[in-house]
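Since this is a predicted model, take the numbers as computed values, not measurements.
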Amino acid sequence: IGITSNPVGNKCGKAEYWRILYIFGGKADAGIDKAVKTGGITNISHADFVVKNYFMGLAVKYSTNVYGE
């Protein structure tokens, strides 16, 4: 997702959580705000959101990667 016109920086912040059987892990945070804080980013250039399914969807991993300076 292109967020701003800022150039791509050398920092990357990540936020992720797992959801198992659609029951466990539902309140975890994989948002842009958390990814920015983990990466120490002040100027965002872009972000990626990835969803990976394992075991035919019984376990799902949600990840947000934010790039910038």
Side-chain angles (χ1 to χ4, degrees):
I1 302 169
I3 296 177
T4 67
S5 60
N6 294 337
V8 177
N10 59 359
K11 293 182 180 179
C12 176
K14 296 184 178 192
E16 61 187 27
Y17 75 92
W18 285 85
R19 183 170 214 154
I20 300 174
L21 299 175
Y22 292 99
I23 299 170
F24 305 104
K27 301 231 182 211
D29 183 12
I32 290 176
D33 187 48
K34 183 175 179 182
V36 165
K37 288 177 183 174
T38 12
I41 297 171
T42 55
N43 293 317
I44 300 172
S45 63
H46 68 282
D48 297 326
F49 183 69
V50 180
V51 178
K52 291 185 179 181
N53 290 302
Y54 298 91
F55 309 111
M56 293 184 279
L58 297 177
V60 182
K61 180 181 177 183
Y62 299 89
S63 303
T64 303
N65 303 317
V66 177
Y67 305 90
E69 285 294 324

* Would you please classify the geometry between the Tyr17 ring and the Tyr62 ring as parallel, tilted or perpendicular, with 30° and 60° separating the classes? =>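 It falls in the parallel class, under 30°.
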
Rounded to the nearest 0.5 Å, what separates atom [atom1] in [X] from atom [atom2] in [Y]?
X	Y	atom1	atom2	value
Phe55	Leu21	CZ	CG	11.0 Å
Ile41	Glu69	CD1	CD	8.5 Å
His46	Asn65	NE2	CG	8.5 Å

* **Cluster link Val60 to Val50, ILVMFWY, side chain under 4.5 Å** =>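 Different clusters.
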
* Asked: If you look only at pairs with a residue in residues 31-42, which of them pass as a salt bridge (charged side-chain N to carboxylate O under 4.0 Å, His left out), with sequence neighbours excluded?
  -> Asp33-Lys37

* For Ile32, does its backbone N or O pair with a side-chain atom of Thr64 as donor and acceptor, under 3.5 Å? ->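 Here the side-chain-to-backbone pair does not exist.
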
* Ser63 side-chain N/O to Glu16 backbone N/O, donor-acceptor pair under 3.5 Å -> no

* Structure fact -> Here the pair of heavy atoms bringing Ser45 nearest to Gly9 is OG-N, 4.2 Å

* Identify the two heavy atoms, one from Ala15 and one from Gly31, that lie closest to each other, and give their separation to 0.1 Å. =>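 Between these two residues, the closest heavy atoms are CB-O, 3.8 Å.
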
* Decide side-chain contact (heavy atoms from CB on, under 4.5 Å) for Lys61 and Val51; before the verdict, give the C-alpha distance in whole Å, the side-chain angles of both, and the deciding distance to 0.1 Å. => CA-CA 6 Å; Lys61 180 181 177 183; Val51 178; over 6 Å; no

* Name all residues meeting the side-chain hydrogen bond (donor to acceptor under 3.5 Å, both in side chains) criterion together with Tyr67; count only those two or more places apart in sequence or in a different chain, and write none if there are none. =>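 Residues passing side-chain hydrogen bond (donor to acceptor under 3.5 Å, both in side chains) with Tyr67: Asp48.
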
